[in-house]
Number of protein chains: 2
Amino acid sequence: MKSPSQSRDRGIPEATVARLPLYLRALNGMAERGVATVSSEDLAMAAGVNSAKLRKDLSHLGSYGTRGVGYDVEYLVYQISRELGLTQDWAVAIVGVGNLGRALANYGGFVSRGFRVAGLLDADPEVVGDDIAGLNVEHIDVLESVIERRGVSIVVLATPAMAAQEVCDRVVAAGVTSILNFAPVVLSVPDGVDVRKVDLSIELQILAFHEQRKAGGPLMAVDSQ
Amino acid sequence: MKSPSQSRDRGIPEATVARLPLYLRALNGMAERGVATVSSEDLAMAAGVNSAKLRKDLSHLGSYGTRGVGYDVEYLVYQISRELGLTQDWAVAIVGVGNLGRALANYGGFVSRGFRVAGLLDADPEVVGDDIAGLNVEHIDVLESVIERRGVSIVVLATPAMAAQEVCDRVVAAGVTSILNFAPVVLSVPDGVDVRKVDLSIELQILAFHEQRKAGGPLMAVDSQ
DNA sequence: ATCCCTTTGTGAAGCGATGCACAAAGTCGG
DNA sequence: CCGACTTTGTGCATCGCTTCACAAAGGGAT
């Protein structure tokens, strides 16, 4: 009952969605350097993927290339931005203003792509009132009103693990359905709420696994000599 | 020519490796709470995965469960730790001591699992010499000697995008083969070097995509009202 | 000792992503 | 206007991961 041949099929594969921001970044770099047109080969190289994969990914958005020539950089930037929803601006609230929260608030990559930090919240009276990245840190008590009044639709959780689920519940109750979670816990949320997780220590552990493999070969364990 | 029935097959699927740290965290929590034994169903619940997947994942490590009973928590913690290489301790260097680098240096999750921050490096004379998380920030010039003398085998890149590739090249030349990259660039490295990438703005963009879908339905674009 | 109940470990089917290879489609020079 | 060349878009085979469903294995009660 699907219509796979329909070119404007709205079901873009998750794996493709995850790569679109990568292409977008590469394209923005090219646009800044004045490149007008790019082939799938070159763009794939810049994004670190296979060119066939790139073409298939882009084909899910429509036929925006010209055979024999390539893709118009500006046009493709616009199409991908639109598809990702970056043509509108998104109000983001960061909950938890510890070291990580501060780093995120100051991170340029947020602002640059249609994301606006619209609120910083914390439970610690010590940090409430501080100015960070031009924003006043507010008390977690006003979480719901901040979300509602400033149209926050994405919340970044940078709280300690213990507080994360409780904040998450409140945020969801306030109507937010997109959460980026930095706390090292598995959040439980109702259907329809999207949680993406970034876990620094998990990434390190994966690296350690491969490193151990490389060092020790298939059978022996090796000390770091 | 493979030996898929050999239970101690050393080829653990990448997807499984990525979940082992998740199981490990859940198990550590249970161990702290004094739980002695856990079923695949319960552990899967705690880790936020399907129980069949959990069992298949664990089966790649060996047969560590008892039918009719479940898994011994302590024992499984040990086995997973060993498999991930967390029974030895890893010296990690963090390059780039901006907001993010500071946050990482102070992040407790590193130390807690066999990772030791053995060096903080930066190019900015303003921050060189600062004490952060009990460590002295050193100048990037001594990168190679820090890596060599302290046995650093994993490097975390938290530099600006522009500096990342250059630092990466030096780090690789110094013999490091595991890199955790926070800079928003595609690093090019020789074969045999492992790079894992954490990109905050990409995660946000993926969320924005799904948020737009939810808000707008299949066809219309919607303003955030 | 036997039977029943629970839970593991895994064969097999299903599903989505990847990458090859090529026809279709367009550009450009003559 | 035509033919050679370039590059896209995609059908198809393949691969790896997920999920189902169940036989095998162990524990505990009687």
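Naming: A, B, ... by sequence-line order, numbering from 1 per chain. The analysis underlying the following values was restricted to heavy atoms, covering all of them including side chains, and did not include hydrogens, waters or symmetry mates.
- By the 6.0 Å contact criterion, CD on B:E144 is enclosed, its count of non-hydrogen atoms from other residues, nucleotides or ligands being greater than 12.
- Screening B:Y78, B:Y75, B:Y23 against B:Y64 for a ring pair (Phe, Tyr, Trp, His ring centres under 6.0 Å) leaves a single residue, B:Y75.
- Within residues 28-58 of chain B, the residues approaching DNA chain C are B:S39, B:S40, B:R55, B:K56, by heavy-atom distance under 4.0 Å.
- Side-chain atoms of A:R67 come within donor-acceptor range of the base of D:dT8, with a qualifying N/O pair under 3.5 Å.
- Taking B:S39 as the reference, nothing meets the side chain to side chain donor-acceptor pair (under 3.5 Å) condition, with sequence neighbours excluded.
- The CG atom of A:L61 sits 13 Å away from the C1' atom of D:dG9 (whole-angstrom rounding).
- Taking side-chain N and O atoms only, B:Y71 has a distance below 4.0 Å to OP1 or OP2 of C:dG9.
- Side-chain atoms of B:Q165 and B:D169 include a donor-acceptor pair closer than 3.5 Å.
- Distance A:E14 CD to C:dT18 P: 12 Å, rounded to the nearest Å.
- Defined by atom type and a distance below 3.5 Å, a donor-acceptor pair is present between the side-chain atoms of B:S40 and B:R55.
- Within 6.0 Å of CD in A:E41 there are 12 or fewer heavy atoms belonging to other residues, nucleotides or ligands.
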